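Below you'll find the structure, written out as structure tokens, and then a few comments.
For this chain, numbers begin at 1 and follow the sequence in order. Just so you know, these numbers use all the heavy atoms, side chains as well, and skip hydrogens, waters and symmetry mates. Worth saying up front: this structure is predicted, and the values here are computed from it rather than measured.
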Amino acid sequence: MKKILIILDGIVAKKLMHRIVDANTGENAYDVIYMSDVILPVQKPSNFTFYKFDPTSKTKLAMVLDKNIHTEVLIALNSKDEMLSVIKNIREHKQNLQMNILDYWGINVEDPYVNVYKGIEVLANGMVERLPNIPVVAQNIGLKQGEIMEIRIPFGSSYAYRYIGSIEQKKWNIFALYRNQKLLTIKPTLVLKPNDIILVVGKPYVLMQVYNAIGKNQGQFPMPFGHNIYLYLDLYLQDDKSVKKAIQEAKFLNQRLKNQKLIVRVTRPTSVHIMEYIKDELRHFSSIVLRIDYGNKGFFKILKEDFRYFDIGMIMLTQEMFKDKEGIKDIMDFKIPIFKIGKEKLKSIKSTVVLLNDTHSYEQISPMVFDVASQIKTKTKIFDLDPIGEEEDKTNLLDHFENLSKIFNEKIEIISSNENPIRELKKEKNMLQILPLKAEMFKKRFSLKIFYTNTDFISFDMNKYNQLLIPVVED
């Protein structure tokens with residue numbers, strides 16, 4: 001058991017004394033020197049011994065110091081002169097005793113065994129942290145550099161209504177969540193909601209980036225998945241027309257989305273002509289990085305290397321890559337959005353479309369729908385089509401989308417009917433469909449029943465429309 005000496009007087013003494021008693025675990029023994037009975041707690045724990053005298057008295061102080069071997073001292077007094085006198089007396093009696101002092105006067109103590117806590121700075125920081133849009137950091141924990149931060153999830157944040165398991169946490173981690181003043185157990189299936197308070201740990205500069213990303217209402221995609229867009233081109237699988245379209249679509253998104261870089265990865269080059277086209281199209285853009293693989297390393301080996309190096313937030317793939325769905329199913333492991341390039345031109349897009357299926361998945365992707373729509377400047381259409389009378393009532397999900405549209409200040413059109421959803425979808429033109437990314441999409445369709453009843457899978461198999469698939473946590 002460690003022996004701690006506490007010397008208290010002044011306006012913070014009572015609060016500090018009560019805080020020490022509340023934090024008492026019984027693992028320490030405390031000698032408390034005080035001058036006013038006001039600071040005494042109602043209940044005096046058995047591991048606390050109290051001494052009432054003036055701590056500037058050298059002889060009385062020496063009596064307590066000689067009684068026990070103290071590991072450190074906590075001092076909070078009412079005046080600068082008293083503080084300096086007590087520090088001097090302790091140091092003359094105990095040369096290497098660690099002291100922690102609360103300073104309101106700008107005391108300069110050249111003593112390696114004295115830790116000074118600036119009271120004015122603590123108060124100022126506490127007041128500032130009460131203001132909106134100011135990060136709250138743990139100042140006296142760990143390295144004391146701000147590697148622990150408290151963040152409130154605001155309405156309209158791209159992190160709201162996201163499952164924790166679908167948030168890429170690179171160099172930082174969510175380790176606690178408070179909701180309605182209750183601590184919840186962190187698990188991948190836990191959904192972040194507006195007004196939740198999360199505690200995160202990581203490098204201070206990374207936490208500031210996370211804080212800024214969480215606090216912004218819109219225009220953050222591809223964050224929080226990553227900072228950069230990644231276009232993968234296997235020239236052996238594609239003809240020149242497909243390659244040229246992919247390049248143009250990637251350039252368009254690079255101009256519209258809030259990514260930092262566009263990474264174009266070219267593998268298995270086939271002709272000088274198409275390589276010259278690619279280089280000519282990209283050479284004048286400082287935000288575009290071209291990388292060429294001549295060694296035929298393979299899709300997943302290249303992607304694994306680039307994923308770590310380029311901080312990929314979204315990968316763009318052409319239709320040819322999806323001909324062998326089972327062959328690329330491991331792409332799910334990266335947990336990043338996939339942009340499936342369709343036959344329509346992105347420049348002609350007029351709407352983002354969501355064809356509702358299950359509430360569990362579509363609630364997760366809802367913030368991304370409006371985030372993307374705000375960046376590419378389109379209105380959002382929500383199709384609630386139920387031709388066979390499903391059991392699940394989507395009223396709450398529709399209300400959820402309407403509320404988010406108001407938060408994001410985005411236009412929304414809800415189409416509800418009993419029509420065949422795929423037939424209605426095929427009537428649409430110039431659209432970007434946003435849907436959840438599911439493992440079942442990459443499996444072979446074994447029966448017509450499955451093929452014609454799950455609108456997510458049917459949509460995924462269509463090549464007409466550009467599609468953005470957002471990772472979700474599946475049950």
Side-chain angles (χ1 to χ4, degrees), residues 162-163 165-170 188 221-238 242-243 245-247 249-250 253-254 257 259 261-268 289 291-293 295-342 357 361-362 364-365 368 372 432-446 454 456-463 465-475:
R162 293 287 310 284
Y163 282 73
S166 69
I167 298 175
E168 187 66 31
Q169 299 172 50
K170 299 176 181 177
F221 186 83
M223 285 295 291
F225 301 98
H227 288 92
N228 300 315
I229 298 174
Y230 182 87
L231 172 63
Y232 184 91
L233 295 173
D234 186 338
L235 301 193
Y236 186 79
L237 298 178
Q238 303 166 234
S242 174
V243 172
K245 184 178 189 304
I247 292 291
E249 306 297 37
L253 288 179
N254 185 49
L257 298 181
N259 59 292
K261 295 282 185 180
L262 165 62
I263 315 301
V264 178
R265 169 61 78 175
V266 176
T267 66
R268 299 200 286 183
V289 177
R291 291 289 183 269
I292 304 172
D293 168 45
N296 192 17
K297 294 180 180 179
F299 176 57
F300 284 105
K301 185 174 182 179
I302 293 173
L303 184 56
K304 188 175 182 180
E305 293 175 356
D306 289 349
F307 180 76
R308 296 174 180 174
Y309 185 78
F310 289 114
D311 189 18
I312 300 172
M314 181 184 77
I315 180 171
M316 298 183 68
L317 298 175
T318 59
Q319 297 172 16
E320 290 80 2
M321 292 294 298
F322 291 91
K323 289 182 178 179
D324 180 14
K325 294 185 180 68
E326 289 188 312
I328 65 167
K329 64 181 180 181
D330 290 341
I331 197 172
M332 293 282 299
D333 295 340
F334 292 97
K335 297 180 181 179
I336 55 175
I338 299 173
F339 192 96
K340 184 171 171 249
I341 302 173
N357 191 0
S361 297
Y362 280 83
Q364 293 182 57
I365 71 170
M368 296 295 108
V372 172
L432 169 65
Q433 185 182 6
I434 302 181
L435 62 163
L437 179 62
K438 300 177 179 179
E440 289 288 332
M441 292 175 168
F442 294 90
K443 293 183 178 180
K444 185 178 180 180
R445 311 291 186 254
F446 290 105
N454 194 308
D456 288 343
F457 302 160
I458 301 172
S459 299
F460 181 69
D461 291 337
M462 298 169 65
N463 293 324
Y465 308 112
N466 293 288
Q467 295 177 334
L468 177 60
L469 298 111
I470 307 294
V472 294
V473 175
E474 300 184 65
D475 286 335

- Query: Is the side chain of Q238 donor-acceptor paired with the backbone N or O of A246 at a distance under 3.5 Å, no angle test?
  - Reply: no
- Item | Qualifying residue, where the test is side chain to side chain contact (heavy atoms under 4.5 Å, CB included) with K340 and the options are T318, L468, N466, N463 | N463
- Which pair of heavy atoms, one from F442 and one from L437, lies closest together, and at what distance? CE1-CD1, 3.7 Å
- State, to 0.1 Å, how close Q433 and S459 come at their nearest heavy-atom pair, and which atoms those are. NE2-OG, 3.2 Å
- Atom pair CZ (R268) and NZ (K297), whose distance is rounded to the nearest 0.5 Å: 14.5 Å
- State, with a plain yes or no, whether a side-chain heavy atom of M314 is found less than 4.5 Å away from one of L253. yes
- Message: Using every non-hydrogen atom in the two residues, find where V472 and P436 come nearest and quote the distance to one decimal.
- Response: CG1-CB, 3.8 Å
- Message: Using 0.5 Å steps for rounding, measure from the CG atom of L262 to the CD1 atom of I247.
- Response: 8.0 Å
- Task: Mind running side-chain contact (heavy atoms from CB on, under 4.5 Å) on L303 and R265 for me, showing each step along the way?
- Result: CA-CA 9 Å; L303 184 56; R265 169 61 78 175; over 6 Å; no
- Item | More than 12 heavy atoms from other groups under 6.0 Å of NZ on K245 | yes
- Task: Using the side-chain contact (heavy atoms from CB on, under 4.5 Å) rule, take F322 and L317 through it: C-alpha gap first, then chi angles, then the decisive distance, then the call.
- Result: CA-CA 8 Å; F322 291 91; L317 298 175; 3.6 Å; yes
- Only one of L257, L432, L469 clears side chain to side chain contact (heavy atoms under 4.5 Å, CB included) with F339; which? L432
- Message: With a 4.5 Å cut-off on side-chain heavy atoms, are I315 and F307 touching?
- Response: no
- Query: Atom CD1 in I302, atom NZ in K304: separation rounded to 0.5 Å?
  - Reply: 13.5 Å
- From CG (D456) to CD (E440), nearest 0.5 Å: 11.0 Å
- Message: Assess, by modelled atom type and distance only, whether the side chains of S242 and E320 contain a donor and an acceptor separated by less than 3.5 Å.
- Response: yes
- Query: By side-chain hydrogen bond (donor to acceptor under 3.5 Å, both in side chains), which residues pair with R291, not counting sequence neighbours?
  - Reply: none
Side-chain donor-acceptor distances from residues 224-232 under 3.5 Å, at least two apart:
from	atom 1	to	atom 2	distance (Å)
H227	ND1	D311	OD2	2.5
N228	OD1	K261	N	2.8
N228	ND2	F310	O	2.4
Y230	OH	D306	OD2	2.6
Y232	OH	T267	OG1	3.4

- Set of side chain to side chain contact (heavy atoms under 4.5 Å, CB included) partners for Q169, sequence neighbours left out: I164, I167, W172, N173, I174
- Query: Are F460 and K325 close enough that some pair of their side-chain heavy atoms sits under 4.5 Å apart?
  - Reply: yes
- Message: How long is the straight-line distance from CD1 of I365 back to CG of L435, given to the nearest 0.5 Å?
- Response: 6.5 Å
- Kindly indicate, with the supporting measurements, whether the criterion side-chain contact (heavy atoms from CB on, under 4.5 Å) is fulfilled by F221 and I470. CA-CA 11 Å; F221 186 83; I470 307 294; 4.1 Å; yes
- Message: So, taking the atom named CG in D293 and the one named CG in L233, what distance separates them when rounded to the nearest 0.5 Å?
- Response: 12.5 Å
- Task: Determine, stepwise, if the pair F334 / I312 fulfils side-chain contact (heavy atoms from CB on, under 4.5 Å).
- Result: CA-CA 10 Å; F334 292 97; I312 300 172; over 6 Å; no
- Task: For the residue pair I338 and M441, establish whether any side-chain heavy-atom pair is separated by less than 4.5 Å.
- Result: no
